[in-house]
Amino acid sequence: MLILFGPPGSGKGTQAAFVSKLLSIPAISTGDLLRAEAQRDTPQGRALRAHLATGELVSDETVGRLLARRLAEPSCRRGFLLDGYPRTVAQARSLASLLKDRALPEPEVLYLRVPDDHLLKRLSGRQQCPVCGHIYNDYFQPPAKPGICDNDGAALTHRSDDREDVIRERLAVYHRDTEPVLSYYRNGIFHIVDASGAEQQVHNAIEPFLLPAPALTR
Ligand code: AMP
């Protein structure tokens with residue numbers, strides 16, 4: 001079981017898709033689980049939508065409930081990758097007890113490290129195609145025609161929490177509540193990856209941690 005850990009904008013989603021394909025395990029993003037819940041036209045869905053737009057964390061109970069439901073699905077039996085969870089020390093503790101209850105080994109943590117000034121550009125420039133899911137960036141990876149997906153011509157969209165004031169709040173929340181999770185895992189199976197480069201460079205940096213080392217002798 002793998003955890004992709006890092007600040008908002010460190011490329012967890014992109015790298016999660018790559019790792020998921022490479023290892024044939026599902027990538028589970030708690031942000032995606034929450035956004036799907038927030039689409040519901042119910043008082044809870046509307047409240048969650050408003051909450052996500054502030055950049056603050058959702059309660060440990062709400063996220064824990066959604067995650068436990070997802071992990072109980074058969075597709076997670078052969079292992080899984082977590083993107084965006086745990087984000088608090090309390091979540092790391094509840095994940096540890098969930099893994100223990102299911103007799104699963106301790107997680108392997110890949111920490112995608114990126115400096116804050118770089119994150120700000122990555123997040124404020126981020127645009128996604130609602131049809132194929134491809135992620136562009138105005139600064140680093142712009143589409144050929146501004147605002148239009150190269151693959152299918154759909155109009156690109158910004159996430160409601162990718163506004164500069166909300167981004168600053170999300171980074172502050174990360175430093176305050178999520179960074180302490182690093183100390184929780186540092187003595188376990190823990191790898192630091194420099195994730196400030198281009199997508200492919202980060203893939204290359206991650207890959208050696210995922211594949212079994214080749215035998216040195218025959
Ligand atoms: P993400 O897509 O991972 O950037 O998450 C988007 C938003 O969902 C975050 O800003 C939080 O409000 C919420 N969220 C995602 N994962 C968690 C989590 N593990 N705990 C609390 N809130 C979360």
Side-chain angles (χ1 to χ4, degrees), residues 1-20 26-40 44-71 76 80-99 107 109-114 116 118-130 133-137 157-182 184-185 195 202:
M1 192 242 121
L2 273 166
I3 295 175
L4 268 190
F5 188 92
S10 56
K12 296 190 295 294
T14 309
Q15 299 304 329
F18 162 72
V19 176
S20 161
I28 299 164
S29 148
T30 44
D32 284 349
L33 294 178
L34 288 163
R35 280 185 287 277
E37 280 295 300
Q39 287 307 312
R40 290 171 181 266
Q44 292 91 330
R46 282 190 287 275
L48 189 56
R49 205 148 60 227
H51 189 108
L52 290 178
T54 66
E56 286 286 341
L57 293 183
V58 172
S59 75
D60 292 338
E61 295 74 47
T62 304
V63 187
R65 191 165 26 82
L66 287 176
L67 182 68
R69 196 167 73 191
R70 177 67 183 88
L71 295 184
C76 295
F80 52 88
L81 157 72
L82 292 179
D83 155 9
Y85 190 94
R87 255 172 154 105
T88 62
V89 173
Q91 291 180 9
R93 294 207 178 103
S94 49
L95 177 65
S97 68
L98 185 147
L99 295 177
V109 180
L110 286 172
Y111 168 34
L112 305 184
R113 194 163 60 185
V114 183
D116 271 14
H118 201 78
L119 293 172
L120 210 62
K121 276 193 172 167
R122 273 205 189 163
L123 292 166
S124 59
R126 178 159 75 177
Q127 294 190 83
Q128 187 166 24
C129 172
H134 190 85
I135 295 173
Y136 296 87
N137 187 288
T157 54
H158 275 285
R159 258 170 59 171
S160 62
D161 57 355
D162 279 346
R163 282 196 348 243
E164 186 153 341
D165 54 337
V166 183
I167 294 169
R168 286 190 191 281
E169 175 61 21
R170 287 163 65 203
L171 290 177
V173 167
Y174 171 78
H175 290 303
R176 188 187 66 211
D177 299 328
T178 306
E179 231 163 25
V181 177
L182 286 175
Y184 183 91
Y185 286 121
V202 185

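Read the numbers this way: they start at 1 and go in the same order the structure lists the ligands and their atoms.
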For [Y], is there an ion pair with [X] - N to carboxylate O distance below 4.0 angstrom?
X      : Y      : result
Arg168 : Glu164 : yes
Arg176 : Glu56  : yes
Arg170 : Asp162 : yes

May I ask you to decide if [Y]'s main-chain N or O and [X]'s side chain share a donor-acceptor pair within less than 3.5 Å?
X      : Y      : answer
Gln128 : Gly133 : yes
Gln15  : Gly11  : no
Thr30  : Gly84  : yes
Asp161 : Gly55  : no

Are any of the N or O atoms of [X] closer than 3.5 Å to those of ligand 1?
X     : result
Tyr85 : no
Gln91 : yes
Asp32 : no
Ser29 : no

Could you list the atoms of ligand 1 found under 4.0 angstrom from a heavy atom of [X]?
X      : value
Gly84  : 16 (N), 17 (C), 18 (C), 19 (N)
Glu56  : 11 (C), 12 (O)
Arg170 : 4 (O)
Leu34  : 8 (O), 13 (C), 14 (N), 15 (C), 23 (C)
Arg159 : 1 (P), 2 (O), 4 (O), 6 (C)

Location of contacts on [X] toward ligand 1, heavy atoms closer than 4.0 Å:
X     : value
Leu52 : side chain
Lys12 : neither
Leu57 : both

message = Assess the residue pair Leu82 and Met1 against the criterion (side-chain contact (heavy atoms from CB on, under 4.5 Å)); give the C-alpha distance rounded to whole Å, side-chain angles, the decisive distance to 0.1 Å, and a yes or no.
response = CA-CA 8 Å; Leu82 292 179; Met1 192 242 121; 3.7 Å; yes

Step-by-step side chain to side chain donor-acceptor pair (under 3.5 Å) determination, Ser94 to Asp60 = CA-CA 9 Å; Ser94 49; Asp60 292 338; over 6 Å; no

Among protein heavy atoms, which lies nearest [atom], and at what distance?
atom                    : answer
atom 22 (N) of ligand 1 : Val58 N, 3.1 Å
atom 16 (N) of ligand 1 : Thr30 OG1, 2.8 Å
atom 18 (C) of ligand 1 : Arg87 CD, 3.4 Å

task = For the pair Phe5 and Tyr174, name the ring-plane relationship: parallel under 30°, tilted 30 to 60°, perpendicular over 60°.
result = tilted

